[in-house]
Colleague: 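Here it is, the structure, as structure tokens.
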There are 2 protein chains.
Amino acid sequence: MRLTTKGRYAVTAMLDLALHGVEHPVSLADISGRQDISLSYLEQLFAKLRRNNLVSSVRGPGGGYRLSRGGHEIFVAQIIDAVNETVDATGCGGSADCQQGEVCLTHHLWCDLSEQIHGFLSKISLSNLVERREVQTISARQNARSHSHQGETLALTEL
Amino acid sequence: MRLTTKGRYAVTAMLDLALHGVEHPVSLADISGRQDISLSYLEQLFAKLRRNNLVSSVRGPGGGYRLSRGGHEIFVAQIIDAVNETVDATGCGGSADCQQGEVCLTHHLWCDLSEQIHGFLSKISLSNLVERREVQTISARQNARSHSHQGETLALTEL
DNA sequence: TTATAGTTGATCAAATTAGTCGGTTATTGC
DNA sequence: GCAATAACCGACTAATTTGATCAACTATAA
């Protein structure tokens with residue numbers, strides 16, 4: 001079981017897409033600016049998201065990424081699976097040969113836990129997240145921030 | 001959120017204690033033999049388990065470790081917390097300053113997930129595990145194996 | 001007094017994570 | 001056609017974590 005910045009970044013970036021990519025594709029540079037994730041790192045993550053058919057890309061100026069289907073059809077578990085390979089909590093990857101070809105003492109416990117986590121994250125879609133009030137609030141804050149950043153050069157020349 | 005061999009080893013070792021340490025303390029060498037965990041590594045893990053008051057130790061010959069309290073009062077979540085520092089799924093460790101002092105877009109999602117995992121593992125005690133049929137079966141297999149390896153010095157003291 | 005077994009600390013190889021860099025391809029608008 | 005844009009790709013790196021080893025020490029039972 002791995003849940004690190006990698007998976008968190010991926011979900012955050014996908015949520016950013018769901019919030020801003022309704023009409024036109026969103027560039028990784030935009031996501032990078034809003035979510036404070038390194039552009040090069042985003043490229044790596046989106047390569048995997050693309051291979052897993054979660055996003056589609058548009059090249060050239062004005063291009064970027066968009067969700068490959070509606071936000072209500074994309075679930076957090078799928079995003080984490082895409083970048084993390086697995087959300088499995090067992091050591092044997094479910095193959096039940098943890099101790100010299102046989103199951104170890106705690107194998108079933110980790111199976112149950114994996115099922116629990118996966119069940120939880122499989123029920124949460126991007127649309128579910130978008131609808132949440134906190135997400136709306138934070139997103140509004142981020143938009144304000146990125147706008148004020150763009151105007152920063154202007155503000156300086158005014159002084 | 002980290003759940004790796006470390007946490008799994010710790011829970012497995014504690015379950016071994018619950019199974020074998022009812023009457024007399026169990027040495028790490030015994031656990032190492034039964035569960036295929038390196039002795040030196042077990043020492044590290046048990047140092048943490050001891051600091052967290054999950055086990056008590058008895059030095060000298062015939063010594064070893066025993067559970068610090070009944071198996072029904074020790075929960076899987078406590079064991080993993082003890083060796084892994086945290087079962088938290090957020091990047092900020094719950095302090096809600098993930099993005100330049102403010103909460104990031106997915107903060108609440110990771111909070112919910114943490115709660116979910118912790119809730120699940122907090123309800124499972126060592127006694128719960130001991131009672132499970134698969135655990136009984138696997139334990140019996142392990143005893144058979146270690147007896148055939150070591151002879152029957154243990155069998156006499158157990159009678 | 002000797003063997004046992006916990007205790008501590010230093011160290012280490014391998015793996016993984018997070019991130020960088022440089023270059024390439026495709027596409028758009030001028 | 002050409003320049004700007006932005007996806008795409010692969011190699012590479014630094015830092016961290018994991019899993020493990022080793023050596024030295026202390027307490028204790030027989």
Side-chain angles (χ1 to χ4, degrees), chain A residues 1-13 17 20-21 24-33 35-52 54-66 68 80 83-86 88 91 93 98 104, chain B residues 1-13 17 20-21 24-33 35-52 54-68 80 83-86 91 93 98 104 150 153-154 157:
Chain A
M1 163 81 210
R2 295 181 288 230
L3 182 47
T4 61
T5 338
K6 198 189 224 170
R8 282 194 292 267
Y9 278 178
V11 176
T12 304
L17 256 193
H20 296 95
H24 45 84
V26 179
S27 74
L28 294 188
D30 286 355
I31 300 180
S32 171
Q35 308 302 337
D36 291 330
I37 305 172
S38 122
L39 176 60
S40 314
Y41 200 41
L42 277 176
E43 286 179 357
Q44 276 183 53
L45 299 180
F46 272 78
K48 294 188 178 187
L49 294 173
R50 191 166 165 275
R51 261 177 253 134
N52 282 264
L54 294 174
V55 296
S56 59
S57 61
V58 182
R59 286 182 159 209
Y65 288 93
R66 50 164 54 108
S68 64
I80 294 180
V83 297
N84 259 19
E85 316 248 54
T86 174
D88 196 273
C98 349
C104 73
Chain B
M1 162 82 208
R2 292 182 289 231
L3 181 48
T4 62
T5 338
K6 199 189 223 171
R8 281 193 292 266
Y9 278 177
V11 176
T12 303
L17 256 192
H20 297 94
H24 45 84
V26 179
S27 74
L28 294 188
D30 284 355
I31 301 181
S32 171
Q35 307 302 337
D36 290 330
I37 306 172
S38 120
L39 176 59
S40 314
Y41 199 41
L42 278 175
E43 287 176 357
Q44 275 183 53
L45 298 180
F46 273 78
K48 294 189 177 186
L49 294 172
R50 192 168 163 275
R51 261 178 251 134
N52 282 265
L54 293 174
V55 296
S56 59
S57 60
V58 182
R59 287 181 160 209
Y65 288 93
R66 49 164 53 107
L67 300 180
S68 64
I80 294 179
V83 296
N84 259 23
E85 316 247 53
T86 173
C98 350
C104 72
Q150 295 174 359
T153 31
L154 274 170
T157 55

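All heavy atoms count here, side chains included; hydrogens, waters and symmetry mates do not. Residue numbers start from 1 in every chain, and the chains themselves are labelled A, B, ... in the order their sequence lines are given, proteins ahead of strands.
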Colleague: Does a nitrogen or oxygen in the side chain of A:Tyr9 sit under 4.0 Å from OP1 or OP2 of C:dT17?
Modeller: no

Colleague: Which letter, B, S or -, goes with each nucleotide of nucleotides 24-30 of chain C from 5' to 3', with contact meaning a protein heavy atom under 4.0 Å?
Modeller: -BBBB--

Colleague: Classify the nucleic acid contact of A:Ser40 as base, sugar-phosphate or nothing, counting any heavy atom under 4.0 Å across all strands shown.
Modeller: base

Colleague: For B:Lys6 and C:dT16, what is the distance between atoms NZ and C1' respectively, to the nearest whole Å?
Modeller: 14 Å

Colleague: Tell me the interatomic distance from B:Ile80, atom CD1, to D:dT18, atom P, rounded to whole angstroms.
Modeller: 13 Å

Colleague: Could you check which of C:dT7, C:dG6, D:dA20 has an atom nearest any side-chain atom of B:Ser38?
Modeller: D:dA20

Colleague: At what distance, to the nearest 0.5 angstrom, does CD1 of A:Ile31 lie from CG of A:Asp36?
Modeller: 13.0 Å

Colleague: Check the phosphate of D:dA6 against A:Ser57, side-chain N and O only, distance under 4.0 Å to OP1 or OP2. Yes or no?
Modeller: no

Colleague: What's the spacing between B:Tyr65 OH and B:Leu54 CG if we round to 0.5 Å?
Modeller: 12.5 Å

Colleague: To the nearest Å, how far apart are B:Tyr65 OH and C:dT4 P?
Modeller: 18 Å

Colleague: Is any side-chain N or O of B:Tyr41 closer than 4.0 Å to OP1 or OP2 of D:dC22?
Modeller: no

Colleague: So, using side-chain contact (heavy atoms from CB on, under 4.5 Å) as the criterion, who are the partners of B:Gln44 when residues are at least two apart?
Modeller: B:Tyr41

Colleague: Heavy atoms only: give me the nearest A:Thr12-A:Gln35 pair and the separation to one decimal.
Modeller: CG2-OE1, 3.5 Å

Colleague: Reading DNA chain D from 5' onward, which residue's closest nucleotide shows up sooner: A:Arg50 or A:Gln44?
Modeller: A:Arg50

Colleague: Specify the residue among A:Ala47 and A:Gly62 whose closest nucleotide of DNA chain D lies further upstream toward the 5′ end.
Modeller: A:Gly62

Colleague: Go through the structure and list residues passing side-chain hydrogen bond (donor to acceptor under 3.5 Å, both in side chains) with B:Ser32, not counting sequence neighbours.
Modeller: none

Colleague: Rounded to whole Å, please give me the gap between CD1 in B:Ile37 and P in D:dA20.
Modeller: 9 Å

Colleague: Return no unless some side-chain N or O of B:Ser27 is found under 4.0 Å from OP1 or OP2 of C:dT4.
Modeller: no

Colleague: What is the separation between atom CG on B:Leu39 and atom C1' on D:dA23, rounded to the nearest whole Å?
Modeller: 14 Å

Colleague: Any base atoms under 4.0 Å from A:Phe46, or only sugar-phosphate, or nothing? Heavy atoms, all strands.
Modeller: nothing

Colleague: Are side-chain heavy atoms of B:Val83 and B:Tyr9 found at a separation under 4.5 Å?
Modeller: no

Colleague: Write down the distance between NZ (B:Lys48) and P (C:dG9), rounded to a whole number of angstrom.
Modeller: 13 Å

Colleague: How many angstroms lie between atom CG of A:Leu49 and atom OG of A:Ser57, to the nearest 0.5 angstrom?
Modeller: 11.5 Å

Colleague: If the cut-off is 4.0 Å, is A:Thr4 near the phosphate of C:dT16, judged by side-chain N/O to OP1 or OP2?
Modeller: no

Colleague: For the pair made of CG in B:Leu45 and C1' in C:dG6, what is the distance, rounded to whole Å?
Modeller: 14 Å

Colleague: Measure the CG-CG distance between B:Leu17 and B:Leu67 for me, rounded to the nearest 0.5 Å.
Modeller: 5.0 Å

Colleague: Whole-Å distance between C:dG19 C1' and A:Asp36 CG?
Modeller: 15 Å

